[in-house]
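Notes to accompany the following structure.
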Amino acid sequence: MGTILSGGFIMNTPQSRSEQIAKLFRFAATYGWARAINKAVARTRPRWLRTPFAIRRTPFISIIGCGQFAFSSVCFFLRKHKGNAFLSAFDIDNQQAESLGRYYGFRNVACSPTELLDDPALRVLYITSNHASHTPYAIEALRRNKVVYSEKPIAVTRQQLGQLSAAVWQSSGQLFAGYNRPYSKAIQLLGQHIKAINVASSFSISYVINGHQIPADHWYRNPEEGSRIFGNLGHWIDLTVHLFCMRDLPDWIDIQIAYANSAEPDDNLVVTFTTDRHDLVTMMLTSRSEPFEGISEAISVQYHTIIARIDDFRQLTIWQGARKNEWRFFPKDVGHERAILQPFCSENRDWQEVEMSTLLTLFIRDMVLDRRTSARFSIQEELIALEAEIHQAMIDPFAVHEDT
Ligand SMILES: NC(=O)c1ccc[n+]([C@@H]2O[C@H](COP(=O)([O-])OP(=O)(O)OC[C@H]3O[C@@H](n4cnc5c(N)ncnc54)[C@H](O)[C@@H]3O)[C@@H](O)[C@H]2O)c1
């Protein structure tokens, strides 16, 4: 049995040493050697190994949740751009915090989230723990007026979203979300073309996603963690909201879902949207076998005179009338680097977009858990309900009620 070097999951499937080496070379050809090696180190975390030299700076960045993504992506890009400004790490599994802290040279491994949050030197907090814990950690940090980067999803219930939005309103800190695809070069380039069209038109978008095979007992699959809908599909739901916002949002979205196997509704499914603006969107998430090079995505977008193809965020082609432009991206650019740097950049995306994509993902997550096949999402109604949640959270910020 071997440990597959994958984007975010450990899969114990039979794998020979030669396959592991082939995978390392394939990852290097996709992401460059530094990132490929870092992804492999994130899996094994040898005690003797330390990150390559990084300038030591005054520490101000802390992290909660020290798993694969924190190690292979968040700390990798922070070290690249900020040097070693790592303050404190916390994880409910102390070994995870110890190994991440040792490798990246964190000044401290915290015994509790409160110890980490109460450190006066903390200015920027990254949250990369399990999904259900993102909101409570973000709220605690916002109450201390910190700058917070929460990995996706930002909330897994409507009540969490209301409490989080209320905390954003009341804080002088800031909150950023780890939805990375809007920050990829392919989407930024496509966005420039879409925004240059000054006639409102309809979108036709198709996503085919070959996802990781995730075992049924992986924590991503738990309903209270938001299931695979928040774990994976949320990325393309969020990207669709981001693309719609380049024009403006429709009033309603009619959602249809086809399940390959209703016993496993959050995997191998097709979700379609049609809207009052005559948009047409299809998303297929399929994971019949483990993709050797990690998750792969084929995206096609048609808008007014634009036809665009994104091939796994390694290539973008845009046709517009007689014009054809092609871009290749090495390393593959899914937007992680720029998304992780949001706390240090201007011109980040509008927070309302992320609230809207979370509302839509919550709606679809509920449909999937109930095995429903069709429903209408009304943007106005959802915003009114969110406002009521925010109002409630402002009156009673410590209320806890169930609404999964
Ligand atoms: N943007 C992306 O493309 C992308 C890719 C992969 C993962 N992610 C996100 O990153 C986050 C982490 O995913 P991962 O793949 O690293 O998972 P992981 O299982 O490797 O790591 C999660 C870590 O969180 C710790 N943890 C669990 N509950 C905790 C709690 N209550 N408090 C503190 N620590 C806790 C676990 O012990 C573990 O070390 C998730 O939100 C995931 O959705 C994002």
Side-chain angles (χ1 to χ4, degrees), residues 3-11 31 35 38-39 42-45 62-77 88-101 109-117 125-141 148-156 160 176-184 209 211-212 214-215 217-222 224-239 294-297 312-313 332-342 354 357-358 361:
T3 300
I4 293 181
L5 184 154
S6 73
F9 305 97
I10 294 176
M11 264 136 264
Y31 296 104
R35 185 108 193 272
N38 205 73
K39 276 174 180 267
R43 289 263 170 254
T44 46
R45 306 191 184 195
S62 294
I63 192 156
I64 294 181
C66 305
Q68 179 66 14
F69 192 67
F71 201 116
S72 66
S73 299
V74 175
C75 291
F76 176 82
F77 288 122
S88 197
F90 173 76
D91 194 293
I92 49 165
D93 177 347
N94 194 47
Q95 295 265 326
Q96 292 281 82
E98 288 277 356
S99 55
L100 180 107
V109 170
C111 298
S112 70
T114 310
E115 180 194 321
L116 179 147
L117 290 163
L125 173 69
Y126 283 78
I127 301 170
T128 45
S129 49
N130 64 315
H131 297 157
S133 68
H134 292 177
T135 306
Y137 285 139
I139 289 174
E140 284 307 315
V148 184
Y149 171 102
S150 167
E151 245 319 311
K152 39 63 59 168
I154 55 164
V156 292
Q160 277 196 345
F176 301 99
Y179 285 109
N180 47 283
R181 280 156 182 79
Y183 291 102
S184 64
I209 303 124
H212 288 292
I214 306 181
D217 60 353
H218 190 281
W219 67 264
Y220 256 53
R221 307 293 293 271
N222 293 346
E224 62 272 22
E225 299 287 359
S227 79
R228 235 192 141 154
I229 302 308
F230 267 115
N232 298 106
L233 204 71
H235 272 303
W236 299 281
I237 297 170
D238 176 71
L239 179 52
I295 193 163
S296 97
E297 301 161 54
D312 205 24
F313 291 97
K332 170 177 171 173
D333 178 18
V334 193
H336 283 138
E337 187 165 2
R338 174 61 182 80
I340 288 164
L341 292 175
Q342 286 174 84
V354 181
S357 80
T358 305
T361 310

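Computed from a prediction, not measured in an experiment: that's the story for all the values here. Counting starts at 1 for both ligands and their atoms, in listed order.
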>> Taking 4.0 Å as the limit for heavy-atom contacts, which would you say applies to Y179 with ligand 1: side chain only, backbone only, both, or neither?
In response: neither
> When you check the gap from the basic side-chain N to the acidic O, do D312 and K332 get nearer than 4.0 Å?
Replying inline: yes
>> Using the salt bridge (Lys or Arg N to Asp or Glu O under 4.0 Å) criterion, which residues pair with D333? Sequence neighbours excluded.
In response: K185
>> Would you say the rings of F176 and Y149 are close, in the sense that their centroids are separated by under 6.0 Å?
In response: no
> Near S133, which atoms of ligand 1 are under 4.0 Å from a heavy atom of that residue?
Replying inline: 31 (N)
> Just which atoms of ligand 1 are under 4.0 Å from any heavy atom in Y220?
Replying inline: 7 (C), 8 (N), 42 (C), 43 (O)
> Which atoms of ligand 1 have any heavy atom of H134 under 4.0 Å away?
Replying inline: 41 (O)
>> Residue-level breakdown please: for N180 versus ligand 1, do any non-hydrogen atoms fall below 4.0 Å on the side chain, on the backbone, on both, or on neither?
In response: side chain
> Is the closest heavy-atom distance from Y137 to ligand 1 below 4.0 Å?
Replying inline: yes
> Which of the atoms of ligand 1 are close to H235, meaning less than 4.0 Å from one of its heavy atoms?
Replying inline: 1 (N), 2 (C), 3 (O)
>> For H336 together with F313, are the ring centres under 6.0 Å from each other?
In response: no
> Of all the atoms in ligand 1, which lie at a distance below 4.0 Å from a heavy atom belonging to D93?
Replying inline: 37 (O)
> With a 4.0 Å cut-off on heavy atoms, does W219 reach ligand 1?
Replying inline: yes
> Counting each atom of ligand 1 from 1 as listed, which ones have a heavy atom of H131 under 4.0 Å away?
Replying inline: 40 (C), 41 (O), 42 (C), 43 (O)
> Is it the side chain, the backbone, both or neither of Q68 that has a heavy atom closer than 4.0 Å to ligand 1?
Replying inline: both
>> Less than 4.0 Å is my threshold; does some heavy atom of G178 fall inside it relative to ligand 1?
In response: yes
